[in-house]
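What follows is a set of notes on a single structure, which appears directly below.
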Amino acid sequence: MSAPRRSNFLTDLIDADLAAGRVVKVVTRFPPEPNGYLHIGHAKSICLNFGLSRDYRGDCHLRLDDTNPVTEDVDYVDSIQHDVHWLGFEWSGPTRFASDYFETMYACAEQLIRDGKAYIDDQNVEEIRAGRGDFTRPGVASPRRDRPAAESMELFRQMRAGKFADGTLVLRARIDMAHPNVIMRDPLLYRIRHAHHHRTENQWCIYPMYDYAHPLEDAVEGITHSICTLEFESNRELYDWVLDNTLNPQTNAQWSPRPHQYEFARLALGFTLMSKRKLLQLVQEGLVSGWDDPRMPTIAGLRRRGVTPEALREFADLIGVAKNNSFVDVAKLEYCIRQDLEQRAPRALAVLKPLKVELTNWPADKVESLELPWWPGEPERGGTRNVPISRQLLIEQEDFAEVPPADWKRLAPGWTVRLYGAGLLRCDAVVRDSSGEIALLKCSYDATTAPAAGTIHWVSATHGVPSPVRLYDRLFRSEQPEAQGDFREQLNPDSLVLCPDAVLEPALLQAAPGSHFQFVRLGYFLADPVDSKPGAAAFHRTIGLRDTWAKAGRAAHDGRPQRDRQPAKVQAKPAAPKKSRAEWRAEARAAQPELALCYQRILDAGVDLESADLLTADLPTAHFFLLAAAHALPPSVARWLLNDLLGALGDKPITELPIDGTTFGRFVALVDAGSVTGAAAKTLLAHLCQHGGDPAQLLETLGLARVEDAGALQTAVGEVLASLPAETARYRAGETKLFGVLLGAAMKKLRGAADAAAVRQALIDKLG
RNA sequence: UCGGGGAUCGUCUAAUGGCAGGACCGCAGACUCUGAAUCUGCUCAUCUAGGUUCGAAUCCUAGUCCCCGAACCA
């Protein structure tokens with residue numbers, strides 16, 4: 001409707017599902033476990049799932065995945081709902097809970113037992129783990145694997161009835177103990193947990209495992225696209241197994257719509273920790289003040305810090321969604337925060353580390369009131385407040401230098417600067433205290449509007465209100481705090497700096513809790529919603545302004561301290577004895593004499609060594625080739641088979657093709673004979689692979705036969721140039737790379753049926 | 001070691017055989033009563049090697065590197 005929707009691999013998938021009619025309404029879900037606070041990584045997932053359902057006019061459910069009562073808590077349920085709302089999303093229907101479906105899951109488990117697809121095991125944890133094998137060795141079957149279904153059923157019912165202690169029995173799927181995917185080696189479905197559940201209380205003492213519960217939760221809710229993070233890729237196979245081997249107990253039919261799991265890369269962000277466990281550790285060890293400490297990457301922390309939902313949503317939009325293992329630069333987040341606050345925060349004056357200034361030419365008792373706009377430069381937004389100015393002022397210590405460095409645009413002895421919103425200030429003398437520190441600047445004031453080299457902020461010392469201000473910065477000093485060693489050693493000692501002497505302009509005291517201000521030249525500040533009291537706002541800094549001056553200084557001193565990424569691990573590879581595909585093929589030929597025979601025949605037919613090797617990976621392919629080679633030039637057949645047919649095939653075996661080797665051979669013969677061009681032949685081949693048919697006949701019906709008529713060719717080229725005036729003009733203006741576009745368009749127009757060289761020549765002639 | 005994923009500017013992400021685009025970062029300049037914002041410009045990429053094609057980031061082959069998976073966690 002408005003801005004074009006950002007596309008990613010998931011929208012492509014959904015578009016295809018919708019187009020094919022596999023899905024009529026998109027239903028997604030956000031399924032957090034209520035065992036911790038949501039963080040910015042969850043925000044990415046929330047924006048993805050809710051964003052998809054909004055864009056496709058579908059639904060998005062909020063579902064608490066509460067299948068493990070010992071780690072979960074109702075407090076987390078509340079905070080999660082609050083955070084999702086705060087981010088700006090409404091879920092479809094009520095808040096859902098995995099525990100709502102325990103009865104359904106139980107019924108499905110009985111189905112599996114009845115069908116001999118699940119059994120009760122009585123091995124202990126260690127035995128089960130040992131029996132599972134590892135990446136190198138297959139697992140070994142449990143002695144209880146063939147327990148009769150009736151017996152397992154009886155045991156399972158007794159489990160539910162509470163007859164057994166924790167850890168004594170489990171329900172396992174019976175799949176394959178030698179499965180290459182370790183997850184599929186008879187995974188656990190249910191375990192016994194005599195624990196209090198935050199919703200079902202003591203109703204259950206058996207609880208389903210994630211891999212079993214999640215697909216069923218999705219299926220019960222009619223989720224169409226179940227989106228999770230990359231580390232669940234291996235689990236997808238089990239997800240599918242559960243749905244393929246259970247029926248909906250309500251309908252006794254297969255699950256419909258049948259959900260599918262897709263995985264995307266979770267957020268990794270510089271200078272930030274994303275592990276729930278480590279975040280919990282920070283809270284429990286008192287390294288931060290709580291889940292909502294403004295330095296925490298939790299939604300609660302970001303909110304308290306002064307980051308808005310809009311900024312977070314913009315961030316999610318900016319970083320996109322893909323399957324790459326990505327690591328986002330924290331500067332991107334900071335950019336979003338600043339951009340959002342820039343529009344949102346009225347401007348005010350405050351001094352963090354004051355330096356006294358006396359206006360020697362200002363009468364001692366005189367007080368003026370300056371009416372300054374909240375939105376300088378944007379009069380249409382309106383609104384002003386009065387800022388008092390008197391003989392005694394405060395300026396920022398950092399804005400004065402006795403010996404000004406190059407490019408200094410602030411105050412120095414004898415220099416003049418603009419006081420923001422007021423007149424000019426000239427420094428006449430520096431007064432020191434007994435210890436030699438600068439105590440006071442004697443200055444003269446000039447109410448003129450003449451331009452000055454720089455502008456500094458200030459507050460009247462007699463009217464300004466002392467109010468300590470907290471400055472927050474990145475919690476960690478290294479970009480990847482988890483990279484090596486203890487992350488706690490990477491804490492930034494300056495992540496919280498208190499400015500006890502800060503002084504605010506009087507109007508700021510009335511700020512509503514939760515309101516944002518830009519303190520001119522200092523950054524964006526929030527009236528802390530917790531610590532502020534009526535008429536006594538307490539501020540902290542959300543984020544500083546972009547500071548090219550400070551950055552220049554830093555760069556001059558220590559080069560470019562921007563990145564401290566670990567260099568990519570150079571891995572001492574112990575020469576992997578991994579069997580390559582080439583070796584695998586060689587072994588196949590050694591083991592199968594017939595394949596070796598084919599190999600020799602292919603070689604004898606004049607095909608090069610590499611192709612012959614590739615063609616004899618398996619018998620069906622070799623036979624397919626030999627059949628085809630009887631009807632066309634063997635090297636041509638090899639090339640077309642290897643380069644084009646294999647690509648069209650994907651993972652499917654060659655035997656599933658609707659054409660046989662003979663047909664393929666006759667197809668190649670057409671190309672050999674010059675009856676069809678290479679480009680048109682690809683279209684023809686695609687059609688053959690889809691629907692089968694006779695190559696020569698299809699060539700005619702599809703109108704792909706070689707265009708010999710020079711006139712037709714000229715006409716087509718002329719039409720193409722007329723339809724692409726901009727590109728044509730740019731080419732004529734010298735952008736030769738546009739030739740490919742024009743040629744491509746002409747080829748497309750002729751459906752690839754004309755000789756490329758001829759089209760090229762016709763194009764050159766036409767373009768002059 | 002077995003299985004599953006992934007490699008495009010420094011970073012994130014587009015381009016679905018036809019102009020390697022956008023954003024952040026960085027750099028330079030303009031403007032400025034915020035060294036901000038804004039505006040302009042610049043630097044910068046298809047993992048490697050072969051092949052197919054008029055044309056390859058995209059298709060084929062071989063290789064290299066990175067990530068995930070062996071909880072009665074999710």
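Residue numbering restarts at 1 for every chain, and letters A, B, ... go by the order of the sequence lines.
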On a whole-Å scale, what distance lies between the [atom1] atoms belonging to [N] and [M]?
N      : M      : atom1 : answer
B:rC31 : B:rA36 : C1'   : 13 Å
B:rU53 : B:rG29 : C1'   : 46 Å
B:rA14 : B:rG41 : P     : 26 Å
B:rC54 : B:rA49 : C1'   : 23 Å
B:rA56 : B:rG22 : C1'   : 22 Å

Given [options], identify the nucleotide with an atom nearest to the side chain of [X].
X        : options                : result
A:Lys682 : B:rG35, B:rG5, B:rG17  : B:rG17
A:Asp644 : B:rU52, B:rC73, B:rC19 : B:rU52
A:Asn181 : B:rG35, B:rG17, B:rG3  : B:rG3
A:Asp329 : B:rG10, B:rA74, B:rA14 : B:rG10
A:Glu342 : B:rA37, B:rC33, B:rG4  : B:rA37
A:Asn324 : B:rC19, B:rA14, B:rA7  : B:rA7
A:Asn235 : B:rC19, B:rC54, B:rA74 : B:rA74
A:Ala331 : B:rC54, B:rC33, B:rC25 : B:rC25

Could you please name the partner base of [N], counting Watson-Crick and G-U wobble pairs only when both distances are under 3.5 Å?
N      : result
B:rG41 : B:rC27
B:rG69 : B:rC2
B:rA49 : B:rU61
B:rG17 : none

Counting the atoms with a prime plus P, OP1 and OP2 as sugar-phosphate, which does [X] contact under 4.0 Å by heavy atoms, base, sugar-phosphate, or nothing?
X        : answer
A:Asn325 : base
A:Trp408 : base
A:Leu614 : sugar-phosphate
A:Gln123 : base
A:Gln518 : base

task: For A:Phe739 and for A:Tyr190, locate the closest nucleotide of RNA chain B by heavy-atom distance; then report the residue assigned to the nucleotide nearer the 5' terminus.
output: A:Phe739
query: Taking the nucleotide of RNA chain B with the closest heavy atom to each, which residue, A:Arg639 or A:Ala452, is nearer the 5' end?
result: A:Ala452
Give a yes/no on whether any side-chain N or O of [X] is located under 4.0 angstrom from OP1 or OP2 of [N].
X        : N      : value
A:Thr455 : B:rG35 : no
A:Tyr335 : B:rC24 : yes
A:Ser234 : B:rG5  : no
A:Arg338 : B:rU38 : no
A:Arg546 : B:rA37 : yes

- request: Determine, answering yes or no, if A:Tyr210 is stacked on B:rA74 under the 5.5 Å centre rule and the 30° plane rule.
  value: no
query: Is the aromatic ring of A:Phe135 within stacking range of B:rG3, meaning centres under 5.5 angstrom and planes under 30 degrees?
result: no
For [N], does the base pair up with any side-chain atom of [X] as donor and acceptor (N or O, under 3.5 Å, distance only)?
X        : N      : answer
A:Lys737 : B:rG18 : no
A:Lys332 : B:rA23 : yes
A:Arg410 : B:rG35 : yes
A:Arg129 : B:rC72 : no

Side chain of [X], backbone of [Y]: donor and acceptor closer than 3.5 Å?
X        : Y        : result
A:Arg639 : A:Ser611 : no
A:Trp408 : A:Leu411 : yes
A:Asp166 : A:His194 : yes
A:Glu72  : A:Asn68  : yes
A:Asp65  : A:Pro31  : no

Whole-Å gap separating [atom2] ([N]) and [atom1] ([X]):
X        : N      : atom1 : atom2 : result
A:Arg132 : B:rU1  : CZ    : P     : 22 Å
A:Lys323 : B:rC66 : NZ    : C1'   : 16 Å
A:Asp608 : B:rU61 : CG    : C1'   : 11 Å
A:Asn643 : B:rG17 : CG    : C1'   : 14 Å
A:Phe315 : B:rC24 : CZ    : P     : 14 Å

- request: Answer yes or no: is there a side-chain heavy-atom contact under 4.5 Å between A:Tyr119 and A:Arg172?
  value: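 Side-chain contact under 4.5 Å: yes.
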query: Is the A:Phe739 ring parallel, tilted or perpendicular to the A:Tyr731 ring (thresholds 30°, 60°)?
result: tilted
